[in-house]
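Some notes on the structure that comes next.
All values reported here derive from a predicted model rather than from experimental measurement. The chains referred to below are lettered A, B, ... by the order of the sequence lines, with proteins before strands, and numbering in each begins at 1.
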Amino acid sequence: MPHKWAMVIDLDRCTGCEACVVACHAENNIPTAGEDQAARGRTKHWIRVERYWEGEFPNARIRFQPVLCQQCDAAPCEPVCPTYASYHTSEGLNAQVYNRCVGTRFCANACPYNVRFFNFYNPVWEKPLNLQLNPDVSVREVGIMEKCTFCVQRIHGAEIQAEAEKRELKDGEFNPACVQSCSPKAMVFGDLNDPASEVSRLAKSGRNTKLLGELGTLPNVNYLERNS
Amino acid sequence: MATLDSCGSPDHQLIRFIPDEDLVPGIATWKPSLCTMCGAGCGLLVRVMQGEAEVVHNGQNGLVQMGLAKKLEGNPNHPVNLGKLCARGQAGLQVLYHPDRLRNPLKRTGARGSGQFQEVTWDAALGELLAQLSALRTSDAGALAFLSRPLQGQRRELVERFLKSFGAPPAIAYEPLDEAVLRQANLLSFGHSQLPTLDLARADYLLSFGADFLGTWNSPVSQSIGYGEMRQGRPGRRGRFAQIESRMSQTGANADEWIPCRPGTEGVLALGIANVILQDKEFVHDAHSRPASLIAGWSDGLPDFTPEMVEKQTGVSAAAIARLAHDLTHSGLGAVIIGGPPLAHTNGLFNALAVNALESLVDAARNQPALLSFTPAVPFASAAAPSAKGPQSSFAAINALSQSVLSGAAHEPKVLLLDNANPVFSAPPATRMPEAIAKIPYVASFGSFIDETSVWADLVLPDHAPLESWLDDVPAAGAVSMVAGLAPPAVRPLHNTRAMPDVILDLGHQLGGSVAAALPWKTYDEMLQAAFLPLRKHPGSIDAKDDDEFWSKVQQQGGWWSVPAANGAAGRAAANAGSGSAAPAAPAAPPGARAAAKFAEPQFDGAPNDFPFYFLPYASQALGDGSLAHLPWLQEMPDVLTTAMWSSWVELNPQTAERLKILPGELVEITSQHGSVRAPAVLSPGIAPDLVAMPIGQGHINFGRYASHRGANPLAILAPLTEAETGSLAWAATRVKLARVGGVDQANLILYAGGMSGFPHEEEPHR
Amino acid sequence: MEKTSEQIQRDLVRPLYRTGTAYWIAVAFCSSLVLAGVSAFCYQLYHGIGVWGLNSPVFWAFDITNFVFWIGISHAGTLISAILRLANATWRRPVTRCAEAITVFALSIGAIIPLCHIGRPWLGYYLIPYPSERHIWPNFRSPLLWDFFAILTYLTGSVSFLILPIIPDFASIRDTTTGWRKRFYGALSLGWEGTPRQWHRLETAMHIMAIVIIPVAVSVHTIVSWDFAMTLVPMWHTGIFGPYFVVGAIFSGIAALILAMALLRKFLHLEEYLHPIHFQNLGKLLLTMSLLWFYFTFAERLTTWYGNGTPEMTVFWFTIRQKFAPFFWTMVFCNFIIPVPILAIKRLRTITGTVIASSTIVIGMWLERFLIVVPSLERKFLSYSWGTYRPTWVEDTLMASSFGLMALLYLLFSKFVPMISIWELKAGLPEHTPVVAVEVPAGATNLSARESPFPGGVSS
Amino acid sequence: MRALNDRGKWLVIAVLGVGLFIFAAKTVPFGHAQTQVTTPSPSQAPGRVGATQTGDSDVFTTDHHSAIAAMRDFLGLRSQPVQPIAFPHKTHLANNLKCLDCHAGADVGPDAAIPSVKFCMTCHLVIATDKPEIKKVAAFQARHEDIPWVRVYNYSQYAHVRFNHAPHIRANVACATCHGDLTKQTTAQRVVNLDMGYCLTCHEQRQAPIDCQTCHF
């Protein structure tokens, strides 16, 4: 049976520490935009921790909400791409094929979650910061859309490893970088097609909601509501 | 994967050196290391892959295939962080590859402090320093000073031995936000001069007085792991916590109940809660426990701290006090902790003792192991024991250094060895650090970067990056077992640098005599081996039949700990269950007789009429105390509460802003009696109207390309008020006034939410 | 006062021979605008789209605004001309060619913009379905691909629609000139001899084209609207966008046509061909479209308001009350409040009046497109990731350059082609209307081009 | 149709003009670094004083080296590699060496790896030491330099291909399938055009996945 990769984010566990944000930068060769570009709203954060204030002093409260590509089953970004750079893989991922992307940016406009990022310029690493680049991940050049891949390089690596050892993938054997780094275990990654996986178990929780679920995009990222 | 290796054009002019190691390209190996980005001492796994680096060998530029660190993750076996790592820890990679890291020894060429250096050879650099030290040793050995951030593990032992044998005073460990007050309080209350280890996984209720335990305080990764379990790790049982602080921290943002309290009166609030509990007839307690000797009026039930009286002083309603007392005693397993701003007042020790007393009171009523415990010390033969005088205050030490230089006291420092401490940036202006440093005749720095302090150096002997070094660390908190982290270098040195401990050993050997005799090891790893081998006798994570096997296993595992490594989280739980030795049960007598603490009003610098606001500088979630401001990943990480990147800012209550006609993003000037800083305003509903807060970290003028000339440094306007007993800097005791400068455009505030600088972002939270 | 055939021929061909200083100044000005645009584009090509003011999440702004605007303008010509031809409105004769030329040029500009706006223009050929061993085809689910085909079809159709009726005029110029012009127009007239067979074929072709081009034109702007409507973005995702865009397109197109006619009238001295009645008639059409446009705008906003969905209302208020309110109300003034009285009151519906109304409408319709594209992107769902857009000089230059290019193409076109269809005008002369010239002298090539064998022209 | 020819000429001139402009823009040094990186000037950043200048540029980007390189890349033009040493694959294979003996990474990981000069010298310390090419090899080692082999097969960075040798070897794809028959070659030549069509044809024949993200990520 093919895998169906999915994630559960327990908002009751999330502390807003943003370890996932830096983990993602380190794993996926995401350049820092620098002050000028950041001021223009051009940072690339494949995952970000959104925070929403509720109430006024002294009863102010905060809600944290990590947002990454929701890997929607009915992804609004996919049908609008004229070149199939954005498409759905057999394992339920929204893939972005960099070499096929011509940069219409249509997908980014269509995405309700604003989790697609555009290379407005060629990325720059001041030497020797380039030595940190992960050779398992492409370095995207100017004019290309990019987005969270659920760390597809890790998925591939684990699948190739399992195949070499002639065995099935184990639940929790590998994790995307954000999930790996998450101290309070707010993020759990796994195969929804495996009923025994932790992600399947958590997805059945009564606290499960989908981000902008009313849009019908059928996200594969599940959020467990904060208050039990 | 082949593609990246080949992006150099085929006609690349650089020659290729023969690689020193045989690596399979494209295959990652994971090597253990230790995190040095804060004091928590987490274990790392470093993903090392082959890559091509530009290096200099024998003065020749070239390319070499070498193992390069690609990613940092937590070491799953390490008892403190169990495979997890925070944002700051992961950014440690950029220390290694930082473009502004020093690549060669430097000798000053321009005027002192001008930042003009020239590259010299190691032989020349060491020769010069040796000449200085030799001359000093014969003339005035006591005039050698060593100033560093708190050194970890055997490094401290090494430096102490060097200094002692040299005849110099002990090293000065400096960090701007030290924990001396809490250490002292814990020593008095619990007999341990450490920060506590929290077992949140078992907690049902936690009351935190200002401790940012999920963000910057103590051992955040360890505490976050426990926090996740506390919330949702036990089906049907969700732990709750309340946070008492006047500016909402990242931790406060996660609290079930966030209660602002007048700055400096947290101890009063704790005693108010204790008062309610002590009045509770159903709640069994021992009136003559340790708290009774530490807190005046405890045995009488704290008659001066009735909820109504406490309400007047703290601003927290009597009803809330009663509710907190109830929650604390009726919610199952609870604990009370203190950290951060409440300790940074002139009465900080009192606040800490009061909270500790409350914790003892709550804990004593149960016969379960306490949630608070203290990580046991590792039985090193030659452990540099904590000084018998109690915890040393950073501020007192640095102030003494500065005063002795400026006043020309006997044995005033003539040669200063500087290792990564940056008091010029972080000490309050009253210490006159720049003047003092400038007046010291000779300064040599081991730092990897030029910062505001090391720019004054005459000689720079750049250290390896941590990932290139032998590391060891004994975490003082975060684990219930003994932990001694150790790691060999994960990667070969990229630049022409040398490890500081090896340089010290080298200097010691060349100085000869008693100094050489005190340092019997050729290299630092030899010293580490000598220190670690005796641990084989103790039961722990490593089962080895001889010393060699033990030593290699220590290196493979990334350290030694007193519980088996195999079952990280389970091991912690098991150790907890077994650790009947909860802290208060094993008290050491507090040093010296001591009068019971009475509440004293916190003192503030500046009259309330002229300076109407309390000023709170706080450790930034990303940049810590400013020593990480040079890392671009952390600069571009949006602050989780304000969403600011690459900026500094002032947090204001919207009411305050409205009263002073300050719009979001507008430039504001904050003035204390000691100076003023400007930063853009961020309006936050999570801050008291009489408080303004500012993150520490920005405002560097001399710290590499990513940090220099960005934002403002709140430490630059702090008053030199100290905590009354420990001499620690009372960094929350300055009062300020606030003025609108105007102009969103010049403010340079970059917010993630809102998209662009200068755009006042309205928010309507909806999904 | 009626003109004779000879006068018509002379008047309308005159601009091809005589060129004033003003013309050269205009060409120089427009060329410099175009050159500035080309430079700006090269700069952008070298550095990346980052030189624009776009950001995350405002990934489209001036580029797509201009794209929609020019495609909209292109609906002036062919569509109107086709409708008028089919309706056999005789007053159209001096108007059609100016109109059709606008279509071809505006559409070309509209078609160039997406190629300039994509991140990697050199890979624009990925949109073309061509067989290869890689088994990759463009994604036919994408409205952008529909755009590609719709615009290509419309452009092909419009070019034929423009060229076909010029052929007899080329032939007539060929027959009355010498030197390089004779060879040049000889080549362009594609061997037109004016035989009855040729006239018949021309007539049939024009008839078919006129019928076919109308649905194509309607589909083009509908498909352009689907670039927006096929997403979930608040205020984009609406069924009214198809007709709304078509109406807006025709609206702005007519306005552009009136402006072009007024300019031609003044600078090519065609006062005797383009009469106030033409402006009045087009003005009436413009009035209708203005009312229709207002109706659609009202309907769109009203349904949104009643729906009262949070994401939609965020954009709704953002547009009409908050940041974009000045633009929104300017748009309403430009498209409705100013033009409607001018066009509705007969006394004001003069040439000057219609030109003023048209100018405000062109501005207003550009704003309308801008207000469709940008506010929705700035305020898209999750408020944490809202953004702000500010254009840069590159975008300003490119936009100015697109206007410059339009004017330049028009100027050059007017130098090579009579801007009013000579033969159609002649066909409208009283001398032709009754029976006339059915007997075409065999081999009389000199006459053939001038005299249509069909009374009332070939239109229907 | 001479008029059309005229137009054609102008078209060519226009295209060439734009091309020249781009070329000029590419070669005139108003580099990319300025567009994105914000750095204080060196005088403001004393931290940089001691930095060793290595390589030709201070930054790493995904840029092409020149407009010509960009054009060649776009058109898929590549020059045949010229190796520093005339390495005879056929001699080594004739002596019963296997591909994996030297390219040892191929069956375990993504990269086949070219051995360092140390590896060559393990045999050539004693074998054929008198041959001129072997002397060159020895000379490299004596200078502590590695042999600057030029890669023969590699994907353009812009193809975004993450190729992994190991699964192909496990699937019993012979090395010669993609690298040609090296028993007949001295230095390796690019005899197989490894474009995407080539990959896909084989993947289809062997029913290997043809999902884009199998290789492109």
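Listed by chain and number, the residues in a ring-ring contact (aromatic ring centres under 6.0 Å, His included) with A:His156 are D:Phe217 (sequence neighbours excluded). Under the rule for a side-chain contact (heavy atoms from CB on, under 4.5 Å), the partners of B:Pro689 that lie at least two apart in sequence or sit in another chain are A:Phe57, B:Asn653, B:Gln655, B:Thr656. Shown here are the side chain to side chain donor-acceptor pair (under 3.5 Å) partners of A:Asn28, two or more places apart in sequence or in another chain: A:Gln153.
Taking the charged nitrogens against the carboxylate oxygens, B:Glu257 and B:Arg240 have no contact shorter than 4.0 Å, which rules out a salt bridge.
Contact residues of residues 172-183 of chain A toward chain B are A:Ala177, A:Val179, A:Gln180, A:Ser181, A:Cys182, A:Ser183 (heavy-atom distance under 4.5 Å).
Under the 4.5 Å side-chain criterion, counting only non-hydrogen atoms from C-beta, B:Met37 is in contact with B:Leu628. A heavy-atom distance below 4.5 Å is not found between the side chains of A:Phe64 and A:Glu50.
Here the side chain of B:Thr643 pairs a donor or acceptor atom with the backbone of B:Tyr752 at under 3.5 angstrom.
Both the backbone and the side chain of A:Ala26 come within contact range of chain B, with heavy atoms under 4.5 Å apart. Within the 4.5 angstrom heavy-atom criterion, no atom of A:Leu224 approaches chain B. At a 4.5 Å heavy-atom cutoff, the contact between B:Met248 and chain A is made by side-chain atoms alone.
Most heavy-atom pairs under 4.5 Å with chain A, from the set B:Ala253, B:Gly236, B:Pro260: that is B:Ala253.
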